[in-house]
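Lettering of chains follows the sequences in order, A, B, ..., and the numbering in each one begins at 1. This structure is a prediction, so every number in the text was calculated from the model and none was measured.
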There are 2 protein chains.
Amino acid sequence: MSRKMTIADVAEKAEVSKSTVSQFLNERFEYMGEETRTRVQNAISELEYQPNVVARSLKKKSTSTIGVIVANILHAYSTQVIRAIENVCNDNGFSTIICNADDNPEKEKKYIETLLAKQVDGLIVVPISGNLGTYDKLLKQNYPIVFLDRLVDGLNTDTVLLDNERASELAVSHLLKNGYKDIAIVTTSLVDNVTPRVERINGYKSTLKANGITVRPEFIRGMELNSFNQGLDALFSLDKKPDAIISGNDLTLMEILKYTFENDIEIGKDIGLITIDEVSFGPIHSPPLTTIAQPTFEMGKEVATILLKKIKDKKIKDPVIHRHEPSIIIRNSTKKEGVSSE
Amino acid sequence: MSRKMTIADVAEKAEVSKSTVSQFLNERFEYMGEETRTRVQNAISELEYQPNVVARSLKKKSTSTIGVIVANILHAYSTQVIRAIENVCNDNGFSTIICNADDNPEKEKKYIETLLAKQVDGLIVVPISGNLGTYDKLLKQNYPIVFLDRLVDGLNTDTVLLDNERASELAVSHLLKNGYKDIAIVTTSLVDNVTPRVERINGYKSTLKANGITVRPEFIRGMELNSFNQGLDALFSLDKKPDAIISGNDLTLMEILKYTFENDIEIGKDIGLITIDEVSFGPIHSPPLTTIAQPTFEMGKEVATILLKKIKDKKIKDPVIHRHEPSIIIRNSTKKEGVSSE
DNA sequence: CTGAAAGCGCTTACAG
DNA sequence: CTGAAAGCGCTTACAG
């Protein structure tokens with residue numbers, strides 16, 4: 001009852017060799033007589049034998065486990081993508097180990113090392129800048145790895161991410177169409193050149209230009225979450241205040257909502273608001289929030305599928321960048337009173 | 001560069017035996033001359049040797065990994081507790097494998113088996129009814145396992161959960177104090193006797209009784225999330241309608257908010273609302289939502305600490321149930337106009 | 001169709 | 001202080 005059963009116990013009980021039990025476990029029934037097969041089967045169920053995956057992994061040099069390192073689990077995006085990844089992995093007999101690097105490159109590095117020591121068969125990562133060397137080495141060894149959400153300068157590997165410029169384009173166009181003219185964009189820190197932030201700002205600029213509107217640098221703000229209040233204060237103290245804001249993600253949205261709430265700024269009327277990333281309370285907020293949604297489920301599904309394919313077929317292929325289309329969910333936070341919506 | 005380095009490579013390079021390298025890796029420096037030590041050290045860094053945890057685990061019969069099976073990852077509660085668990089595990093050199101059973105007992109069972117096959121050293125689980133036998137067997141073998149959030153009938157093991165009756169007591173008392181009289185409680189399905197739901201309803205009943213108020217069975221509703229609309233319709237079609245609602249958790253809250261939004265029911269005025277589980281948008285909702293918060297971080301910390309202790313010291317101890325205190329965060333969704341709040 | 005043997009990469013008594 | 005040997009629980013050629 002207490003000691004764990006091994007293949008040797010099964011072999012003894014079934015009066016066959018360990019090899020035969022192993023063949024059975026690996027469903028190589030062609031190597032086995034009908035009668036042997038049932039004997040092994042019975043021995044296994046009588047002993048309640050459970051194979052030891054660790055031993056198998058050591059021998060097979062493959063763990064059927066992948067690692068997922070996410071830059072910041074607090075984004076709803078992360079959680080959703082992870083669920084999709086897990087679904088795909090489960091369907092393929094793979095386990096996932098999820099790690100949250102907390103936007104900290106050292107933590108990320110430690111996780112990479114731990115995961116590799118655990119012999120995971122591949123890695124999905126939302127990379128934080130700072131571990132270029134580590135990734136480069138892995139990639140050169142043709143170790144299976146797929147990036148998510150962010151590109152890394154100087155690293156050439158399969159990546160799944162949003163068409164971020166298109167996201168901003170959707171946001172800006174919608175705001176313009178609804179009568180807003182002075183559109184600001186607010187996002188988290190820009191110092192590390194994090195792909196979505198940079199691209200969203202680029203898309204913002206280019207769409208404004210395409211509409212003949214001058215880009216005002218003071219309307220573009222990248223700042224840490226904990227200094228958002230001051231940043232928004234500055235924005236709203238401008239001589240020329242913005243009449244609409246694009247929020248870079250769900251976490252910045254919370255800061256903006258807190259600010260407007262505390263300062264009695266009425267969303268929709270005093271200020272138009274559109275946020276990238278759909279949020280659970282979007283529909284029931286007052287006013288309901290216009291959002292730009294990412295197809296998180298498909299994105300998760302695709303990264304996992306790509307990674308599993310790489311693991312199964314180690315042939316080197318040219319890396320490709322997979323862009324996903326954002327979509328706009330129009331609600332009332334971008335509806336000026338008296339201006340007809342599209 | 002390509003083939004993975006092993007302890008044998010290090011041994012060869014450092015001109016010592018594998019044993020010595022292993023002693024080095026395990027920091028048993030007392031078994032080693034100063035000079036040997038640096039030779040091994042250098043060999044390791046030159047070869048960029050990384051130990052293979054799988055091999056070590058096989059030999060040591062311990063993986064320094066725990067499994068966490070959560071009934072439903074969609075609850076913010078789950079995510080928060082998981083983060084706390086991961087922190088504690090990281091600090092102790094343990095990894096965590098997170099599984100989401102999706103309220104499905106078969107999925108749960110499959111995860112238990114997979115995790116055990118992977119030789120995890122222990123399990124934290126938010127149990128779904130239906131796998132009593134499995135848990136019972138594990139517990140009898142003195143396998144380290146701690147339950148979270150829910151008690152299982154007939155199973156005696158360490159459990160960390162909220163003082164759910166107290167949570168309801170806080171909610172009911174606060175509502176009564178604020179002038180609400182006809183208080184309903186709405187939660188997810190009651191068919192499986194899930195601990196928090198049952199206890200929250202018990203606390204609701206007993207607090208009403210303690211205040212001399214008759215419990216109206218039609219004010220107590222347990223239903224699946226996807227039939228919430230009908231349920232709320234029924235509740236609001238009663239001759240005697242409730243003037244306040246207690247929401248059982250964050251997911252039921254969303255349904256209630258959707259319903260009141262769609263039916264133009266004004267929270268605070270038309271209906272008082274208080275929800276168990278703090279939500280991110282609580283402070284910025286209009287009106288801001290009164291909530292009963294769980295100390296998720298401490299709960300996660302405690303459950304992990306208990307499990308790690310069990311893993312380290314396998315002595316059998318009497319299982320204990322650890323109740324955590326909820327706290328009320330008073331905001332405006334329970335403020336009737338014209339009635340002074342506490 | 002079945003089994004003996006080697007080996008995956010480590011750790012740990014034990015001997016010297 | 002250091003090394004040879006056994007063994008963790010499997011899998012996989014290979015021989016018969």
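The salt bridge (charged side-chain N to carboxylate O under 4.0 Å, His left out) pairs that include a residue from residues 39-61 of chain B are A/Lys137-B/Glu48, B/Lys13-B/Glu46, B/Glu35-B/Arg39, where partners are two or more places apart or lie in different chains. Residues in residues 115-134 of chain B take part in no salt bridge (charged side-chain N to carboxylate O under 4.0 Å, His left out) pair, two or more places apart or across chains. Within the structure, salt bridge (charged side-chain N to carboxylate O under 4.0 Å, His left out) contacts touching residues 66-85 of chain B (residues at least two apart or in different chains) are A/Asp102-B/Arg83. Among residues at least two apart or in separate chains, ring pair (Phe, Tyr, Trp, His ring centres under 6.0 Å) pairs with a member in residues 4-28 of chain B are B/Phe24-B/Phe29.
Between A/Arg28 and D/dT12 there is a side-chain polar atom (N or O) within less than 4.0 angstrom of OP1 or OP2. OP1 or OP2 of D/dG3 lies within a sub-4.0 Å distance of a side-chain N or O belonging to B/Thr20.
By the salt bridge (Lys or Arg N to Asp or Glu O under 4.0 Å) test, A/Glu34 pairs with no residue at all, sequence neighbours left out. Qualifying ring-ring contact (aromatic ring centres under 6.0 Å, His included) partners for A/Tyr77, counting only residues two or more places apart in sequence or in other chains: none. Remark: A/Tyr111 pairs with no residue by the ring-ring contact (aromatic ring centres under 6.0 Å, His included) rule, at least two apart or across chains.
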Base-contact (B) and sugar-phosphate-only (S) positions in nucleotides 4-10 of chain D, heavy-atom cut-off under 4.0 Å, - elsewhere: BB-BBBB

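Going from atom CD of B/Glu15 over to atom P of D/dG3 covers 10 Å, rounded to whole Å. Rounded to whole Å, the distance from CD on A/Glu35 to C1' on C/dT2 is 13 Å.
Looking at DNA chain C, the stems built from 3 or more consecutive Watson-Crick or G-U wobble pairs, each pair with its key distances under 3.5 Å, are C:1-3 with D:14-16, C:5-12 with D:5-12, C:14-16 with D:1-3.
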Evaluation steps, side-chain hydrogen bond (donor to acceptor under 3.5 Å, both in side chains), between B/Ser19 and B/Ser22: CA-CA 5 Å; B/Ser19 319; B/Ser22 178; over 6 Å; no

